[in-house]
Amino acid sequence: MLLQPVAHGVAQAAAQTPEELNLQKKMLAFLEGKAASWDGTLQAQIEPPNIKNQPKCENVEIFIPGRGATLRPTVTLGIRCLGPKPWVSYTQASIRIEGSYYITARPVRAGTTLSMQDLEQRNGDLLRLPRGTLIDPEQLVGYITRYRLNARKPIKASAIRSPLSIERGQMVYMEVRGVGFVARSEGKAMEDGEPGDHIQVRTASGQIVTATILDAHTVLIPM
């Protein structure tokens, strides 16, 4: 197989005819587009599709079968001819996205506000990280751990919360705002939430109200 350079990385395929070469470029461009949101270098090894017996196609569409299909280490690529004589074929691609990510440098206790000292940079295939892993340090530093994190492990989004978030059971200030006044009292959050989320809050009298989170300590009760 020949190596074909692309903007975001490297791909392998065999292109024996101008039609196959054009199809190869379309498949590479499709994978490049899918990988554009990843902060890494794409490497793709594509199996030559078996289309020699298919009618000549003037309008080809590349797709990944299935709803919400995303890149995986091994992915099926669909080739759909839209005309003049429609047909569909499939081939396989092996994909890597080489990039940097962060793991915990040491065990981290629950409730810790993460700093760069808690993190260690690694390089590898981003597609093989556990689903939901955060790779950008800006998504990690300053965030609070929900539970204890083991050392040398990638960090999932579910493992941390925003420093502006509210946790269930937390005492919060409830604000009611009107023209020229702000009334404030205390209550208890009945749900977790981030700024902008609507959560249930129990007032001092025991009433349950719906409020909007403003920050880590305050919720707004609509009038």
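Hydrophobic clustering (side-chain heavy atoms under 4.5 Å, transitive across Ile, Leu, Val, Met, Phe, Trp, Tyr) keeps V75 apart from V88. Under a hydrophobic clustering in which Ile, Leu, Val, Met, Phe, Trp and Tyr are joined whenever their side-chain heavy atoms come within less than 4.5 Å, directly or via other members, L164 and M174 fall into different clusters. Both I62 and L71 are members of a single hydrophobic cluster when ILVMFWY side chains are connected at heavy-atom separations under 4.5 Å. Using a 4.5 Å cut-off between side-chain heavy atoms of Ile, Leu, Val, Met, Phe, Trp and Tyr, with links allowed through other members, W87 and I64 fall into the same hydrophobic cluster. Put simply, I103 and L134 are part of two different groups of oily side chains (I, L, V, M, F, W, Y) that touch within less than 4.5 Å, one to the next.
A heavy-atom distance below 4.5 Å is not found between the side chains of T112 and L149. Residues I155 and Y102 fail the side-chain proximity criterion, which asks for heavy atoms closer than 4.5 Å. Proximity of L127 to R96: side-chain heavy atoms (C-beta onward) are nowhere separated by under 4.5 Å. Residues P49 and Y90 form no side-chain contact, since every pair of their non-hydrogen atoms from C-beta on lies 4.5 Å or further apart. Counting heavy atoms from C-beta on, the side chains of V141 and L114 never come closer than 4.5 Å. Under the 4.5 Å side-chain criterion, counting only non-hydrogen atoms from C-beta, E191 is not in contact with H198. Looking at heavy atoms from C-beta onward, R148 lies out of side-chain contact with R109 at the 4.5 angstrom threshold.
Annotation: Y173, atom OH; neighbour count of heavy atoms from other residues, nucleotides and ligands within 6.0 Å does not exceed 12. Atom CG of N123 sits in a crowded spot, with more than 12 heavy atoms from other residues, nucleotides or ligands closer than 6.0 Å. When the shell of 6.0 Å around CG of N53 is examined, it contains 12 or fewer heavy atoms from other residues, nucleotides or ligands. In D39, the CG atom is not crowded: 12 or fewer heavy atoms of neighbouring residues, nucleotides or ligands sit closer than 6.0 Å.
With hydrogens and angles ignored, the 3.5 Å screen pairs a side-chain donor or acceptor of D125 with a backbone N or O of I97. A donor-acceptor pair under 3.5 Å is absent between the side-chain atoms of R184 and the main chain of V176, judged by distance alone. The backbone N or O of G111 lies less than 3.5 Å from a partner atom in the side chain of T145, making a donor-acceptor pair. Side-chain atoms of R146 come within 3.5 Å of backbone N or O of I160 as a donor-acceptor pair. With hydrogens and angles ignored, the 3.5 Å screen pairs no side-chain donor or acceptor of S89 with any backbone N or O of I79. Judged purely by atom type and a 3.5 angstrom limit, N22 has no side-chain atom pairing as donor or acceptor with the backbone of E19.
The OG1 atom of T76 sits 3.5 Å away from the CD atom of Q92 when rounded to the nearest 0.5 Å. Rounding to the nearest 0.5 angstrom, the gap separating the CG atom in L82 from the CD atom in E58 is 11.5 Å. Between the OG1 atom of T91 and the CD atom of E47 there is a distance of 6.0 Å, given to the nearest 0.5 Å. Rounding to the nearest 0.5 angstrom, the gap separating the CG atom in L31 from the CG atom in L77 is 5.0 Å. Atom CD1 in I95 sits 11.0 Å away from atom CZ in R128 (nearest 0.5 Å). Summarising the geometry, atom CD belonging to E61 is positioned 10.5 Å from atom NZ belonging to K26; distances are rounded to the nearest 0.5 Å.
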In residues 199-210, what donor-acceptor pairs under 3.5 Å come from side-chain atoms, sequence neighbours left out?
{"residue": "Q200", "atom": "NE2", "partner": "T210", "partner atom": "OG1", "Å": "2.8"}
{"residue": "T203", "atom": "OG1", "partner": "S205", "partner atom": "N", "Å": "3.4"}
{"residue": "T203", "atom": "OG1", "partner": "S205", "partner atom": "OG", "Å": "3.0"}
{"residue": "T203", "atom": "OG1", "partner": "Q207", "partner atom": "N", "Å": "3.1"}
{"residue": "T203", "atom": "OG1", "partner": "Q207", "partner atom": "O", "Å": "3.3"}

Please output the side-chain donor-acceptor pairs of residues 214-223 that fall under 3.5 Å, not counting sequence neighbours, one pair per line with the distance.
{"residue": "D215", "atom": "OD1", "partner": "H217", "partner atom": "N", "Å": "2.8"}
{"residue": "D215", "atom": "OD1", "partner": "T218", "partner atom": "N", "Å": "2.8"}
{"residue": "D215", "atom": "OD1", "partner": "T218", "partner atom": "OG1", "Å": "3.1"}

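In terms of heavy atoms, Q170 sits closest to S165 at OE1-O, 4.4 Å. Closest approach of P154 to P130, counting heavy atoms only: CG-CD, 4.1 Å. Scanning all heavy atoms of the two residues, the minimum distance from P86 to P84 falls at CD-O, 3.6 Å.
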*Going through the checks in order, is the side chain to side chain contact (heavy atoms under 4.5 Å, CB included) test met by Q117 and R106?*
CA-CA 9 Å; Q117 285 67 43; R106 59 178 72 86; 4.2 Å; yes
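Between E120 and R152, at least one side-chain N (NZ, or NE/NH1/NH2) sits under 4.0 Å from a carboxylate O, which counts as a salt bridge. Salt-bridge formation is detected for the pair E20/K52: a Lys NZ or Arg NE/NH1/NH2 atom is positioned less than 4.0 Å from an Asp or Glu carboxylate oxygen.
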